[in-house]
Amino acid sequence: MRRPLAMAIAIGAMLAVTAGCGSSDNNEGEAGASGAPSAEKLVIYSARDKSVTDFVVEQFTTKNPEYKGKVEVLNMGAQEVLERVRAEKANPQASVWWGGTQQGLSAGAAEDLLAPWQPTFAAKMDERYKDAQGRWFGEILLPEVIMYNNKALTPQTAPQDWDDLIDPKWKDKIIIRDVAASGTMRSIYASMIQRLSPDGSNPQPGYDWLLKLDTNTVEYAANPADLYLKMSREQGVVSAWNLQDILLQANEGMPFGYIMPTAGAPVLVDGVAAIKGGNTAGAQKFLEFLFDDSLRATLAKDYFQIPAVEIAEKPEWLAQLDLRPMNVDWDVIGQKETEWITHWNAEIKDKG
């Protein structure tokens, strides 16, 4: 009797070892050795501010502990995200593109860089704010407005409209974030050209307008931090920038105010997408989380975001916002932006 019993114990031990080996190879969502679900690493390329990405990733991993220590965010400019995803098309290194202009995401979709799908939040999103084939989705709306130093100027003495920026009275008082590397500035400058040539066929009036703006521009800041520093030191007292960042900086004590231009603000749709060939399951889970109503309400309240979907509770600043959108044809800009900004960089910058 002792020999069969020993054999049974040995077989049982082998089965236990085999079962243990299997658990280490679990796919997404299956239980790991500790009993918690396991998950593959999730790499995110983001043009969002680091404070926003840190906050959201912490909330995401708290709700989805299987991703604890497995989410890596690389913060970079929106244009850099497009160029990086494009360069990695044959061997994608990231799964989520978080924070990109409508033009950039549309270009990514046209180049087959993005994975199409239909998330639950898409049904309540305006058609203007998403790709018809489900390849990208608007997350927030970014009005582009006139920014001013509120220690040097008042809401009454600051420029009230875009054309005021080219008045000679503002010579050497305007600082602009370097345009070519900035999705925000590329969109503002392209909007200025498109408003003077609705179909984009004659950009010259827009180029002339930008040359006058260049005449008034005292300096081009290398990055947003440089822009904020120089504006706070009154090396220039006027700029053009996105409303969210102005409010964030003002909330942290910077002397910044904004003017909603009389002719209206270009309103960017800034969105997200799952990158084709990445961790699709992880990307979809993250994007679904990103559109959680409670999270969206917190981001609106604490980070001054205007969500692209309706939320149940709007913070006071958003409920009272007098948003006046400019009539911008983003399709025309999507087709012409590279040509126009390349021309500006070569023929207009520092020539005024």
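One-based numbering along the sequence shown.
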| task | State, to 0.1 Å, how close Asp293 and Ile311 come at their nearest heavy-atom pair, and which atoms those are. | result | OD1-CA, 3.4 Å
| request: Report, as yes or no, whether the 6.0 Å neighbourhood of atom CG on Asp54 holds more than 12 heavy atoms from other residues, nucleotides or ligands. | output: yes
| field | Asp208 and Gln204: side chain donor to acceptor below 3.5 Å | value | yes
| said: Nearest 0.5 Å, please: how far is CD1 in Ile146 from OG1 in Thr262? | reply: 7.5 Å
| query | Does the distance from a Lys or Arg side-chain N to an Asp or Glu carboxylate O, for Arg128 and Asp126, drop under 4.0 Å? | reply | yes
| said: Pairing donors with acceptors under 3.5 angstrom, does anything connect the side chains of Gln194 and Trp340? | reply: no
| When you look at CD of Glu310, are more than 12 heavy atoms from neighbouring residues, nucleotides or ligands closer to it than 6.0 Å? | no
| NZ/NE/NH1/NH2 to OD/OE distance under 4.0 Å, Asp112 and Lys276 | yes
| Can you name the closest pair of heavy atoms from Met231 and Asn149 and give their distance? | O-ND2, 2.8 Å
| Sidechain N-carboxylate O distance under 4.0 Å for Glu337, Arg186 | yes
| If every non-hydrogen atom of Val81 is compared with every non-hydrogen atom of Ala47, which pair is closest and at what distance? | CG2-N, 4.4 Å
| query | For Leu142 and Glu144, which heavy atoms make the closest approach, and how far apart are they? | reply | O-OE2, 3.1 Å
| said: Looking at Gln160 and Pro155, would you say the former's side chain and the latter's main chain have a donor-acceptor pair under 3.5 Å? | reply: yes
| In terms of the angle between their ring planes, are Trp117 and Phe121 parallel, tilted or perpendicular, with boundaries placed at 30° and 60°? | perpendicular
| request: Classify the angle between the aromatic ring planes of Trp241 and Tyr228 as parallel (below 30°), tilted (30 to 60°) or perpendicular (above 60°). | output: perpendicular
| said: Are Leu229 and Met185 linked, directly or through intermediate hydrophobic residues, by side-chain heavy-atom contacts shorter than 4.5 Å (ILVMFWY only)? | reply: no
| Charged N-O contact under 4.0 Å between Arg84 and Glu80 | no
| request: Would you name the heavy atoms of Gly264 and Trp162 that are closest together and state the gap between them? | output: O-NE1, 2.9 Å
| task | For side chain to side chain donor-acceptor pair (under 3.5 Å), just list the numbers for Asn251 and Tyr303, CA-CA rounded to whole Å, side-chain angles, deciding distance to a tenth of an Å, and then say yes or no. | result | CA-CA 9 Å; Asn251 193 49; Tyr303 294 91; over 6 Å; no
| said: Under a 4.0 Å threshold between the charged nitrogen and the carboxylate oxygen, would Lys89 count as salt-bridged to Glu111? | reply: no
| field | Check ion pair Asp163-Arg195 (N to O, under 4.0 angstrom) | value | yes
| For the residue pair Pro266 and Met326, what are the closest heavy atoms and their distance? | N-CB, 3.8 Å
| said: For Asp270, run the side chain to side chain donor-acceptor pair (under 3.5 Å) check against Arg48, Gln102, Gln305 and tell me which one passes. | reply: Arg48
